[in-house]
Structure formats: structure tokens, C-alpha cells
There are 2 protein chains.
Amino acid sequence: MVDIATRVWNHKWRIDPIVRSLIDDDFYKLLMCQSVRRNRPDAQVTFSLINRTKSIRLADIIDEGELREQLDNVRTLSLTRGESTWLRGNTFYGKRQMFSPDFMEWFEKLRLPAYHLEKRDGQYELTFEGSWPEVMLWEIHALTILMELRSRAVLRDMGRFELQVLYARAMTKVWEKVERLRKVPEIRIADFGTRRRHSFLWQDWCVQALQEGLGASFTGTSNCLIAKNRDLEAIGTNAHELPMIYSALANSDDELAAAPYKVQADWQEEHDGNLRIILPDTYGTEGFLARAPEWLAAWTGIRIDSGDPAEKAEMAIRWWRDRGEDPTTKLVIFSDGLDVDQMLTLQQQFYGRIKVSFGWGTMLTNDFIGLVPGDRLAPFSLVVKAASVNGRPTVKLSDNPEKAMGPADEVARYKRVFGVGDQQRFAVKV
Amino acid sequence: MVDIATRVWNHKWRIDPIVRSLIDDDFYKLLMCQSVRRNRPDAQVTFSLINRTKSIRLADIIDEGELREQLDNVRTLSLTRGESTWLRGNTFYGKRQMFSPDFMEWFEKLRLPAYHLEKRDGQYELTFEGSWPEVMLWEIHALTILMELRSRAVLRDMGRFELQVLYARAMTKVWEKVERLRKVPEIRIADFGTRRRHSFLWQDWCVQALQEGLGASFTGTSNCLIAKNRDLEAIGTNAHELPMIYSALANSDDELAAAPYKVQADWQEEHDGNLRIILPDTYGTEGFLARAPEWLAAWTGIRIDSGDPAEKAEMAIRWWRDRGEDPTTKLVIFSDGLDVDQMLTLQQQFYGRIKVSFGWGTMLTNDFIGLVPGDRLAPFSLVVKAASVNGRPTVKLSDNPEKAMGPADEVARYKRVFGVGDQQRFAVKV
């Protein structure tokens, strides 16, 4: 068991790398990377940092020199022998050799490409430009570095015992959540908290707490390094960047309308079973399901990442029934800003009607809300998104306009093509 | 910083000595031991364990074999070179060579004498018989062993993360107390929590939390080992065993009436300054002060260890005024079952009128109340007391009949000799 407070204390007087491994990354980034190398290896993509919480002026809080040191450090990392062995030899979702020898040889040689960093209006402009399979691997590292540098900036002013008590309080919060969740033995929860974690050690602690506290209800972690170190299942499938980039590459409205299904078709060629999870909300869940090809209904399940989760799950249930599928055999993964109350409500509403599963993120690995004066450790909404490909802007509509992205004219075009009308707004907290 | 949860976890599979040093002891035991060797070296005393909290059946909770192992281990200990150097070379209360070379030579050779252990009615009968200076040094070690074995028995059934969260919660409790106390910068508090501590590591953590949290308001610890390791002031003066044994040795009622003052006279020959602290309640504070010799009013202060503390402090103030002393120059040490509310109330009532000081014990080092189901870690009232000397029973009346000790006929005689009538009862919690 690591004494987190001591470690944080030690960080105060020497540089301590935040990212120490290229597989301190979400599993789905690696799955997608392999897919992208196969299907769209030449796409030139720009990923950009977006801080949706403007009130947090990151460039005032985080020293630019420290940020550069941490980013530069990631560029020195390469896959270690043990990491490669784990990726090559491990069984993921019951399947061996999930990663092809070709992909592994490429990954073993990979060093992350350059970044571009500027300060503007109290925020950092951080972008990564290059071939899609390479730059996409910056996303999680950039996020975890910024999140942890922000944590460190706040912790720097605290005394040694103040620190220990801070972590004691945070641990108590997590454990009280675990104690509520363990009362529902049928619940299934995975850690999806890498990108918004308070720190690496804290995520590692939270994962271990779930291991002990939830037992079989804890299904694994999205973080490959922690999965490897703690002998857990690595969890994840795919994300919005696939339909966003496929769509931006479309050369006509017809191609655009077909692009999200092309993503699914490519994915279906590569994966089966639990990896066949639909992420339907990029351009509106309702239209996506309505226009989906027949074969998509046979997929294992769906991930609900925006909008009202209960409404979207009901929508999926209706869709499966309409297509002659039995919803009780289908997996629904809820993953949008969940905390305990919502998980328990959803579990009660849907258990038995579908296979319910939760991807618990920010409120697992970064619930420091209320623990320091001014709430300066509260989580906030930081993302790294694919902003453009081959010079064309990407667009995301989502089931929540607060999560939408892209230039206004392109957003209007996508709304027209995908038949998205007025949408309900939901506050994006984390 | 020690990871306490890991240590407790490790304790589950191998023997881990609870007492690892002969100076893991209250400072006043060593001061009294030196005094006893000088003044009453031949007294044959029996110390006995008394569990005032009968509902806690220690013999059912603590394994006899484990208890014997821990007690046997104490008998293997001797003063280490570093400990001896610290006792010989340190300045206590601004004075060097508090311990004479003669005492130190004896202490360096000392091994603790045999103990006698039996089970009866779910409780342990544990006694120590022998020459006073030797057997008196068992008191604290016997208490800390029993307290910690009881903690371990409860902790044994807990999971690794449950343990860590338990300590996280306990730390949070202590720190919330510290945060309340630090708002009163004039307050003066010492750790008196050795005898009833949850465990050694926990006491050590609490002391460090007070160091950081209270700064100059934290005046030191009664525990010599922790004072040595943490470079703190060792705090303490004398206890009830001196008047109890002096009194039991008296051969007449007149000698008995004089015995408590003989204790003070012997002490005055040995010590000055902050060590001249009156402990007036052994046979009733009111009568003790009323009949005290003139020179006693010139002592530095008084320790209030039973009864209503505010009432006793007012009594001391009146007494000093009557004897022509200025109470604002006098130190009053409150030490009876204190927690934050009471300390803050007493501080407000007496600050400026006297020099206020607090000896914070059980509720500092063992406030695990409410942290486990059934409150099986809550502190309880365990003492080791001098029960007889040279075959004669000892008697304590106290300012609280719940803390009284001794055979009924002897109690009646002491009440007559010391003019103690009806007394108010106060619940003894800890």
C-alpha cells in the first residue's frame, strides 16, 4: 500500500514524472489505435485540449515549465519489455492476441510526436498534429498530466499532516461510496477514471479499494498499466473520435450519413463479443439507431455517454425489441458523469431488463469536492479532442448540446444530415 | 510517515511486539521511580490490573497466549544505549541531569520482574509483585499491551482497505479536533495518551498531527520514546501511587493524615520549577488544600484529575488567594478524560486568571468511537493500580467515588481521617 501523502510531499522538491509508462493509458485508445492503423493510417489529425470549465484558469495555476517537463518526459517513454509481453500475451475479453504482431512491432518502436503549447487568456492551447495513430495516443497522457499538475499546484501549499488528512478524507469518501454499492451484489462497475484522475497513485488506490470492497462486482479498469500491475481485466471498446474523424473525411452528405456505420462495419471486422459495443450518440442516438443497418442490432450492447441515461436505455430497449432482439441478453454500459446515486437508480430501473454495467470515472478517481477551501481540488471538465483531419474540422453533436463541438456551419450541416432537431441541455460537471 | 494500515495488516500473520522499548513509558513513571528508589526503595508493592468497564470481557477478546507473549517480550527489554544517552543528556523542564547517575546505572541493568496472570469471569487478573521501583514500571506497559491487543483482536477480521479507511476516518476525527483547537492560539496542550492508546503507531501519528497542527500550542508528550524520536519535550510530574503507598505505609491515623504531605516534602527536595505540581485529589482536594502546609502554596501549580474540573480550579484559585499567592502566576493542568469541547470551555473560563494547560489523553489517542460496528474499538476504562504495600491494602478516595479504590473498612477509615463526606459522582468514561 503506497503512502500517498508522503509521495505528494516528496513531489514538492523534485521532479516526479506523472506519466511513467505508455500503457498508463485507456485500453480503448490502444484498441482504436490498432483499428486506425489498419483503416485510416494516413489521416493527418489535430488533437486539441479543451477546458470546458473556463473559470479554472489553468495557465495561471500550472507553471509552463513544469508542464513542458512533463510533456517532454512522455516523449522519452517507449514500451517496456514487460508491457509488450503483457499486451502480446494477455487475454482480453477472453481472447488472445487481441493486438496483432504488426501493431505490436509498431507500438514497440513508437515515440510520441511533438506537441505545440501556447498560453492564451489564462488557458493553455495544447495541440498535437500528425498521423492519427500517433497523435491519438497523446490524449490521455495530456489529460492526466494537466489534471495532476493542477492537483500538485493546490497541494503545494499544504502541510504534511494536512496532506495526510486530506487523503484520509478522500479515502473515506470513496469507501462510503463502496459501502453503498456493495449492498447491491448484482451491480457491475468498472473504473473509467484515468482521464480525470486526481493523480496516478490516487487512481491506483481507488482501483484497489474497489477490488477489496466490491469483489466480483468490480469488473476491471480502463487503465492498462493498473490492469497489468493489479492483475485486473482491462476494459474498454471505442470512443467518439472514430465517427468524428470518419465523418470529417466524408466527401459528400451521403458519405457523411454513412460514415458512423462505416466505423461500426470496420470494428465488426476486427472484433466480436464484448468488444461489439455501439457508441450511438456522436450525432444523436435516436437517428443513429433508427437508420442503423440490421446487423448492428446483433451487437453485444451499447454505451450511453450523454443525455438522460434512463431515456437512452429505454430507447435502446425499444430498438432491440423492434429488431427482434432480446434486450435481457444485451449489455448497456452507462458512462456519463456517474456517481453512486445515479448508478443505484439506474441499476434498480434496469436490472433484469438488460445487462447493466457502469463505467465509473471522475467521481470515482477525483471526488475531492469539498475537501479544501475554495474547492480548489474539485474536478473540472477537461478534454482532448480530435479537432480536425486533413484540414477539415470535426463535428460532434452528442445527445447534449453542452458537449457539442465544431464550427457553427458544419454543426448545422451535420444536424441536417443526421436529422437532429432541438436537444435537451444537461450541465456537464465532469 | 508510517503507513499504519499496512502495519496493522502485517500484524495479522506474525508476532509483532507492542512494547519495543522500556522508555515507551510515561515520563512521570521514571521521575517517580527515581524518587521511590531514594525514599521508599524497600516497599514491597502489588500492582493489579482493573478493568472498570466490566461489559468488555477482555479474557474472551484477547488470547491468553498472545498476551503472555507480549508480557514476556517486555521482560526481555533493557535500556538501549541511545535511550540511556537521551535520559542522561537531555534537558527536562530546562534542567539537565534530571536523572542521577545512580538511578541511570540501576535503570540500565533493570529487567522487569515476573507477572502473575489468571483468567476469571471473562477478565484477566494480572498482578505484579515486588520492590516498588521495579514493579511500578509495569503499569504503562501492561496497559498499552492490553489496549493494543484488544485493538488487534477487533482489526483482525477487517479487510486491507477497510483497515485503511478505518484509519482514514480516525485521522479525520483527530484532525477535525486539531482544527477546532488551533483557532485558540493561547491554548496549551500536551499528549497524555500513552496508557489508553489505540496502538503505539497511532499515538505516534497523533503526536505528529498535534506538532504540525497546533505548533507552539502543543507543549509535548508524556511518552519518553516518542519525545525522544520526535525531539519533543517529555511531560509529566507525579501520580496517585505516591500518596497511596505512603499512606498505606502509615502506622497510625496521625501518620496517615500526614502521609500525603510527606510525599510533597520528598518531592520538593528533589524537584523545583515546573515539576512542583500538586496532585491534590487522592483523598479529597478540599481537605488536602485546607490542611496543606504553607510552603505548598508556593508550588508552581496543580493537576486536576477528578471531580468537576471548573469547580476544582476555582477551589485552587481561592486557596492560592487565601495563602497570599497570585493565581495568574500558577499553572493548572487539567487531565481528567478531556476532549475538545471541555478544553475549549475551560480555556475560556480560566484563561488569564491562571496559566491553563491540558493533558489530553484517551480522547486524543483512542477516539475510535463510532468507527466500527458495535463500537468494538471504543476506548474503555482500564487501569493498573498499586493495590497493596507490605501486605496492607491501599486506598484512593478521589474527588469522584467512581474512581475510589480499597476495602470498605479502610475506605471508611480514610474518609474519617481525611474528613471526606458525601461526594458527587461523575461517570468514568475513559
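Each chain gets a letter, A, B and so on, in the order its sequence line appears, and its residues count up from 1. In this text the structure is predicted, and so the values were computed from the model without any measurement. What you see below is based on every heavy atom in this structure, not just the backbone, and it leaves out hydrogens, waters and symmetry mates.
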message: Quick check against the 3.5 Å criterion: does B:Gln208 have a side-chain atom that pairs as donor or acceptor with the backbone of A:Phe161?
response: no
query: Counting a contact as any heavy-atom pair under 4.5 Å apart, which residues of residues 366-378 of chain B contact chain A?
result: none
side-chain contact (heavy atoms from CB on, under 4.5 Å) with [X]: which residues, sequence neighbours excluded?
| X | result |
| --- | --- |
| A:Thr219 | A:Arg188, A:Ala190, A:Ile235 |
| B:Glu66 | B:Asp63, B:Glu69, B:Leu149, B:Arg156 |
| B:Ile61 | B:Ile56, B:Arg150, B:Ala153 |

Within 6.0 angstrom of A:Gln348 CD, more than 12 heavy atoms from elsewhere: no
message: Heavy-atom cut-off 4.5 Å, strictly under: side chain, backbone, both or neither for A:Glu179 against chain B?
response: side chain
- prompt: How close do A:Met171 and B:Ala168 get, heavy atom to heavy atom, and via which atoms?
  reply: CB-CB, 4.0 Å
task: Find the distance between OG1 (B:Thr172) and NZ (A:Lys173) and round it off to the nearest 0.5 Å.
output: 11.5 Å
- prompt: Would a 4.5 Å heavy-atom cut-off, applied to side chains only, mark B:Trp175 and A:Arg169 as touching?
  reply: yes
message: Using side-chain contact (heavy atoms from CB on, under 4.5 Å), reason through B:Gln164 and A:Trp205 one step at a time and then give a plain yes or no.
response: CA-CA 10 Å; B:Gln164 201 174 7; A:Trp205 188 90; 2.5 Å; yes
